[in-house]
Amino acid sequence: MKSSFFNPPPDGKAIEIKRGIMTVPKVPIIPFIEGDGIGPELWAAARPALDAAVHLAYGEGRRLGWMEVPAGEKALFQVGEPLPEETIQAIAKYKVAIKGPLTTPVGGGFRSLNVALRKRLDLYACVRPVRWISGVPSPVRHPELVDMVVFRENTEDIYAGIEFQAGSEPNRAFQAWLAQHQPEAFAKICFPDSSAFSIKPISRQGSERLVRSALRYALENRRKRVTLVHKGNIMKFTEGAFAAWGYDLAEGEFGAQATTQRQYQQTRAAQGQAAAETERQAALASGKLLVDDVITDAAFEQALTRPDSLDVIATMNLNGDYLSDALTAQVGGLGMAPGANLNFETRIALFEATHGTAPALAGKNQANPCSLILSGALMLRYLGWDEAAGLVEAGIRGAVSSGQVTADLARLMPGAAALSTADFGAAVIQHMPTHCKN
Ligand code: NAI
């Protein structure tokens with residue numbers, strides 16, 4: 001593929017990062033991937049909404065310099081491969097990009113393009129804010145208490161998992177190794193002949209950079225608590241280590257700004273409950289961030305019964321996958337949840353709808369574009385274009401509160417009209433407050 005395949009706007013410029021500082025030109029070149037399935041129709045609604053908000057906020061002063069980069073089925077058709085190297089290089093060069101969902105065939109074909117993009121660009125943090133928009137139907141009684149940001153590790157755990165298929169030669173070799181080197185573990189396998197195995201790596205470096213980014217985010221955004229979610233009571237050397245490394249980092253690198261549950265427990269063991277309470281209250285009163293941990297299953301329970309006790313969550317890949325979708329259910333489901341994949345060192349950021357390609361809805365102009373539009377709002381905030389991001393969010397709030405929603409929400413809202421994807425996008429633009437115009 002030739003570089004002329006890309007068609008950046010003539011007045012567009014690349015975002016620059018120098019010594020960690022991002023400089024955003026008036027027309028930043030933003031690579032975008034429409035995606036598969038419902039992706040193109042969502043993008044057709046999201047792009048005008050983002051453009052309208054930027055225009056409303058800054059007039060001719062700023063514009064998003066969209067540049068399509070091929071990926072998914074469209075790329076397979078156009079250039080013969082689902083994830084061309086040029087697409088990856090373009091995202092790395094232009095730093096900030098946005099994408100719709102991409103299909104992953106189950107059990108065969110090419111591997112997940114989403115995972116490949118995250119791994120190739122080393123986008124180690126999947127960040128998903130989960131917040132209720134007033135008026136959106138929710139299965140819980142107090143969705144207004146839900147305001148969490150999930151930091152899910154994106155490069156390790158099952159994303160780097162090693163599997164041994166039942167009955168295969170590698171499986172037999174692995175079992176032979178286990179029998180020789182870990183006889184006690186081997187003896188616990190009930191049905192070795194039909195057992196498959198998965199191994200997941202979790203490292204100190206991978207855990208530290210994820211927890212570091214969650215702590216920095218919490219401090220910069222005046223959040224009160226970071227909770228490490230793990231299943232360390234069972235998987236001590238992977239998930240348990242994640243929590244221990246997270247605490248080490250919080251106490252070592254962030255000791256002046258954070259107090260931890262582990263410090264509390266240590267003081268309690270040494271000096272008693274009252275001393276531990278006094279120490280913690282003094283730390284919190286001085287404005288320190290609380291870092292604690294919770295076992296994964298308890299986190300699910302807590303998220304439903306005491307959602308306001310969870311704030312920023314730092315967790316590994318699989319826990320984060322389950323947890324972020326479950327939390328999303330409280331605020332209106334997958335169609336409402338934005339996401340971003342970030343590397344805080346290279347400053348490469350790929351914003352994306354959190355849901356998949358919804359094949360059954362594809363081509364019907366019925367799907368909810370909020371996840372992609374809100375991911376765009378997150379992107380605008382990342383660029384420092386807060387006024388435009390605020391207009392996008394206000395547009396969605398306005399459309400929803402006037403009962404103008406897509407079918408997924410309309411069926412749960414008595415009296416609401418089900419708009420098409422395109423009409424909902426137009427309603428979002430109509431509800432952007434014009435008095436914010438610069
Ligand atoms: P899915 O998210 O596509 O669908 C799950 C359910 O949510 C379906 O009932 C669907 O109709 C509904 N849904 C999803 N997005 C919606 C929207 N915007 N508006 C209204 N309803 C919506 O997940 P599924 O079925 O597991 O995966 C389908 C394909 O998408 C697979 O190939 C999968 O690998 C891929 N996928 C891609 C992701 C990505 O690109 N980041 C993430 C998740 C799945």
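Counting only distance, with no hydrogens or angles, the side chain of H55 and the backbone of D51 share no donor-acceptor pair below 3.5 Å. Counting only distance, with no hydrogens or angles, the side chain of T259 and the backbone of L290 share no donor-acceptor pair below 3.5 Å. Of the possible polar contacts, one joining the T346 side chain to the I348 backbone as a donor-acceptor pair under 3.5 Å is found. Using modelled atom types, one side-chain atom of E153 and one backbone atom of E156 make a donor-acceptor pair closer than 3.5 Å. Put simply, the side chain of N343 gets close to the backbone of D122: a donor and an acceptor are under 3.5 Å apart. Proximity of a side-chain donor or acceptor of Q302 to a complementary backbone N or O of P307 within less than 3.5 Å is not detected. The backbone N or O of A367 sits less than 3.5 Å from a side-chain atom of T421, completing a donor-acceptor pair. A donor-acceptor distance shorter than 3.5 angstrom exists from the side chain of N171 to the backbone of S195, with no hydrogens or angles considered. Judged by distance alone, with hydrogens and angles left aside, the side-chain atoms of D36 form a donor-acceptor pair with the main-chain N or O of T103 at under 3.5 Å. Between the side chain of R347 and the backbone N or O of G20, at least one donor-acceptor pair lies under 3.5 Å.
Listed by chain and number, the residues in a ring pair (Phe, Tyr, Trp, His ring centres under 6.0 Å) with F151 are Y217 (sequence neighbours excluded).
The two residues V136 and G332 make their nearest non-hydrogen contact at CG1-CA, 3.6 Å. Taking all atoms of both residues into account, the shortest heavy-atom contact from V392 to A377 is CG1-CB, 3.9 Å. A pairwise comparison of heavy atoms in A314 and V226 identifies CB-CG1, 4.4 Å as the closest pair. When every heavy atom of L383 is checked against every heavy atom of V24, the shortest pair comes out as O-CG2, 3.6 Å. P369 and L42 get closest at one heavy-atom pair: CA-CD2, 3.6 Å. Between G135 and V400, the closest heavy-atom pair is C-CG1, 3.8 Å.
Interatomic distance, CZ of R62 versus CG of L380, reported as 10.5 Å (0.5 Å rounding). The structure places NZ of K119 at 13.5 Å from CG of N341, a figure rounded to the nearest 0.5 Å. The distance from the NZ atom of K224 to the CG atom of L289 is 9.0 Å, given to the nearest 0.5 Å. The CD1 atom of I202 sits 10.0 Å away from the OG1 atom of T155 when rounded to the nearest 0.5 Å. Note that the CG atom of L50 and the CD1 atom of I429 stand 9.0 Å from one another [nearest 0.5 Å]. Note: D297 CG to N319 CG = 9.5 Å, rounded to the nearest 0.5 Å.
Considering only heavy atoms from C-beta on, T238 comes within 4.5 Å of K200 through its side chain. Counting only heavy atoms from C-beta outward, the side chains of R280 and K288 never approach each other to under 4.5 Å. In this structure, the side chains of M336 and T328 stay at 4.5 Å or more apart for every pair of heavy atoms. Between R118 and Y124 there is no side-chain heavy-atom pair separated by less than 4.5 Å. Proximity of D293 to V229: side-chain heavy atoms (C-beta onward) are nowhere separated by under 4.5 Å. Under the 4.5 Å side-chain criterion, counting only non-hydrogen atoms from C-beta, P143 is not in contact with Q330. Between S213 and L342, the closest side-chain pair of non-hydrogen atoms is not below 4.5 Å. Using a 4.5 Å heavy-atom cutoff, the side chains of M379 and L64 are in contact.
Salt-bridge formation is detected for the pair R120/E85: a Lys NZ or Arg NE/NH1/NH2 atom is positioned less than 4.0 Å from an Asp or Glu carboxylate oxygen. A salt bridge links E251 to R262: one of the charged nitrogens lies within less than 4.0 Å of a carboxylate oxygen. The pair K231-E239 does not meet the salt-bridge criterion, since no charged nitrogen lies less than 4.0 angstrom from a carboxylate oxygen. The residues D325 and R128 are annotated as salt-bridged, a charged nitrogen and a carboxylate oxygen being separated by less than 4.0 angstrom. Ion pairing of D308 with R225 is absent here, as no side-chain N (NZ or NE/NH1/NH2) approaches a carboxylate O to less than 4.0 Å. At a threshold of 4.0 Å, the pair E393-R381 counts as salt-bridged, since one of the basic side-chain nitrogens sits closer than that to a carboxylate oxygen. We find that K26 and E60 are not joined by a salt bridge, their nearest charged nitrogen and carboxylate oxygen being 4.0 Å or further apart.
For the residue pair Y247 / Q261, no side-chain donor-acceptor distance below 3.5 Å is found, with atom types taken as modelled. When only modelled atom types and interatomic distance are considered, N7 and E68 share no side-chain donor-acceptor pair under 3.5 Å. S198 and E163 form a side-chain donor-acceptor contact under 3.5 Å, judged by distance and modelled atom types alone. A donor atom on one side chain and an acceptor atom on the other are not found under 3.5 Å apart for S420 and Q366.
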Practice prompt. Quick one: do V69 and M67 satisfy side-chain contact (heavy atoms from CB on, under 4.5 Å)? Show the steps, please.
Written response: CA-CA 6 Å; V69 290; M67 180 181 85; 3.9 Å; yes
Worksheet item: Checking side-chain contact (heavy atoms from CB on, under 4.5 Å) for the pair D147/R223: CA distance, chi angles, key distance, verdict?
Response: CA-CA 10 Å; D147 181 7; R223 294 284 185 154; 3.2 Å; yes
Item to complete: Applying side-chain contact (heavy atoms from CB on, under 4.5 Å), run through T260 and D292 and close with a yes or a no.
Response: CA-CA 6 Å; T260 72; D292 64 357; over 6 Å; no
Fill in: Derivation and outcome, side-chain contact (heavy atoms from CB on, under 4.5 Å), residues L117 and L121
CA-CA 6 Å; L117 271 169; L121 295 164; 4.2 Å; yes
Item to complete: List the steps and the verdict of side chain to side chain donor-acceptor pair (under 3.5 Å) for N114 and K99.
Response: CA-CA 10 Å; N114 304 299; K99 68 176 273 293; 2.6 Å; yes
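The stretch residues 370-390 participates, sequence neighbours left out, in these ring pair (Phe, Tyr, Trp, His ring centres under 6.0 Å) pairs: Y58-W385, F351-Y382.
Aromatic ring orientation, W66 versus W43: perpendicular (interplanar angle above 60°, classes split at 30° and 60°).
A side chain to side chain contact (heavy atoms under 4.5 Å, CB included) with L327 is found for exactly one of V146, V130, L304, namely V130.
By the neighbour-count criterion of 12 heavy atoms within 6.0 Å, atom CZ of F197 is densely surrounded, having more than that number from other residues, nucleotides or ligands.
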